[in-house]
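All residue numbers refer to positions in the sequence shown, counting from 1.
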Amino acid sequence: MEQSLGFSHFLAQIDHVGMCVLALLLSLSVASWYLIITKSISNYLATRRANTFLKRFWEVDSLQELKAEMKNVSADNNAFAHLAKLALDVTTNSQKHGLEKLAMAGGTGDFLTRTLRNGIDQEATRIENGLTIIASAGSAAPYIGLFGTVWGIYHALIQIGLSGQGTLDKVAGPVGEALIMTALGLAVAIPAVLAYNAFVRRNRLWMAKLDAFAHDLFTIVTVGSKVGDDVKVSTADNRETSFAPATSTAPALEGRQ
């Protein structure tokens, strides 16, 4: 009897509704684990590339040398390189066309501010990709599993009522098999919630670092474009202009199991 009450017996006794619930939980689990693995690898590589780029960036001695250095760097390499290329493109276009373009209305400084803010907004959108699925898996999976449990217990009680035998050995098997759905729902939800909170924290720190770099970049480029290209590149202390998006990351899911 012990062997007949295993997971294989649960699969053999499950109906179409229970099978749909099981398939939904399996789909959420596969999707969340795929995103967890791919985003973890992507974040690791992005951090590595960004650290390498920033180390080279702060070793540059002048804006002229920075322009020459950025010609060999791909904008798709990392978000910091993309912001640097955007800022240098703004100064190059302003020097060539002045304020003739409509986009340059308001002055080079305002146009540079808008360009950097748009770049940060695009990066915020990119890093939040996939978090909705992970959040949905973390919040919905326990309730989906609970629904499967309720449905399984309902059918177990019907079968017990039809058989007319309500002893413990007759009740324990069907009810225990129905509770498997709850366990599966928690198995899907717990990793998703932990991963979601970890990604949200990483994204918040990443956007703060990118915003700080945008401030430094704004000061370097604006000062360099006014006094010439022989301005030494250094960390700026004045960071009054805000580049950060209004909402860079989604709220955490802590305690929403």
Side-chain angles (χ1 to χ4, degrees), residues 7-8 10-50 76 78-79 82 117-156 174-211 243-257:
F7 190 74
S8 59
F10 164 73
L11 293 177
Q13 299 296 323
I14 195 171
D15 61 351
H16 295 293
V17 176
M19 191 62 69
C20 291
V21 172
L22 187 62
L24 183 57
L25 289 175
L26 182 61
S27 300
L28 288 176
S29 179
V30 171
S32 61
W33 275 109
Y34 170 79
L35 290 171
I36 290 171
I37 295 173
T38 55
K39 288 185 71 69
S40 297
I41 296 175
S42 176
N43 291 343
Y44 171 75
L45 295 178
T47 302
R48 237 175 94 182
R49 288 194 295 262
D76 297 331
N78 59 81
H82 181 62
R117 185 179 292 114
N118 289 335
I120 292 179
D121 289 339
Q122 292 175 5
E123 176 64 13
T125 302
R126 187 193 66 81
I127 62 177
E128 290 177 4
N129 184 34
L131 288 183
T132 301
I133 296 178
I134 298 178
S136 299
S139 59
Y143 299 104
I144 296 174
L146 183 60
F147 172 77
T149 298
V150 172
W151 188 261
I153 292 177
Y154 167 72
H155 278 280
V175 172
E177 291 168 2
L179 290 175
I180 292 177
M181 286 293 190
T182 300
L184 292 177
L186 294 176
V188 174
I190 292 175
V193 170
L194 295 178
Y196 179 86
N197 289 330
F199 286 140
V200 167
R201 180 181 181 277
R202 182 265 175 190
N203 291 347
R204 184 169 59 249
L205 297 177
W206 179 263
M207 294 306 300
K209 189 175 182 181
L210 192 64
D211 183 64
F243 297 99
T247 304
S248 59
T249 54
L253 264 183
E254 296 174 355
R256 290 186 58 188
Q257 299 181 27

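- Partners of W206 by side-chain hydrogen bond (donor to acceptor under 3.5 Å, both in side chains), not counting sequence neighbours, listed by chain and number: E123.
- For the pair I133 and A31, the tightest heavy-atom approach, listed with the atom from each and the gap, is CG2-CB, 4.1 Å.
- Atom CD1 of I134 and atom OG of S139 lie 12.0 Å apart (nearest 0.5 Å).
- For S32 against A192, the heavy-atom pair with the smallest separation is CB-CB, 4.5 Å.
- Taking OG from S42 and CZ from R126, the interatomic distance works out to 5.5 Å, rounded to the nearest 0.5 Å.
- Among all heavy-atom pairs drawn from M207 and A124, the shortest one is CE-CB, 3.8 Å.
- In this structure the side chain of V21 never reaches within 4.5 angstrom of the side chain of W151, judged on heavy atoms.
- Between the T47 side chain and the N43 main chain, a donor and an acceptor come within less than 3.5 Å of each other.
- Residues V188 and I144 have side chains not in contact (no heavy-atom distance under 4.5 Å, counting atoms from C-beta outward).
- Residue I127 holds its CD1 atom at 7.5 Å from NZ of K39, rounded to the nearest 0.5 Å.
- Within the structure, the side-chain hydrogen bond (donor to acceptor under 3.5 Å, both in side chains) test picks out the following pairs touching residues 180-191 (sequence neighbours left out): T149-T182.
- Interatomic distance, CG of L186 versus CG of L146, reported as 9.5 Å (0.5 Å rounding).
- At a threshold of 4.5 Å between non-hydrogen side-chain atoms, the residues R49 and L45 count as touching.
- Distance check, rounded to the nearest 0.5 Å: CG of L184 to CG of L22 gives 6.0 Å.
- Separation of atoms NE2 (H82) and CG (L210) is listed at 10.0 Å; rounding is to 0.5 Å.
- Nearest approach of A50 to N78, heavy atoms of both residues: CA-CG, 4.1 Å.
- The two residues G138 and A189 make their nearest non-hydrogen contact at O-CB, 3.5 Å.
- In this structure, the side chain of T38 engages the main chain of Y34 through a donor-acceptor pair within 3.5 Å.
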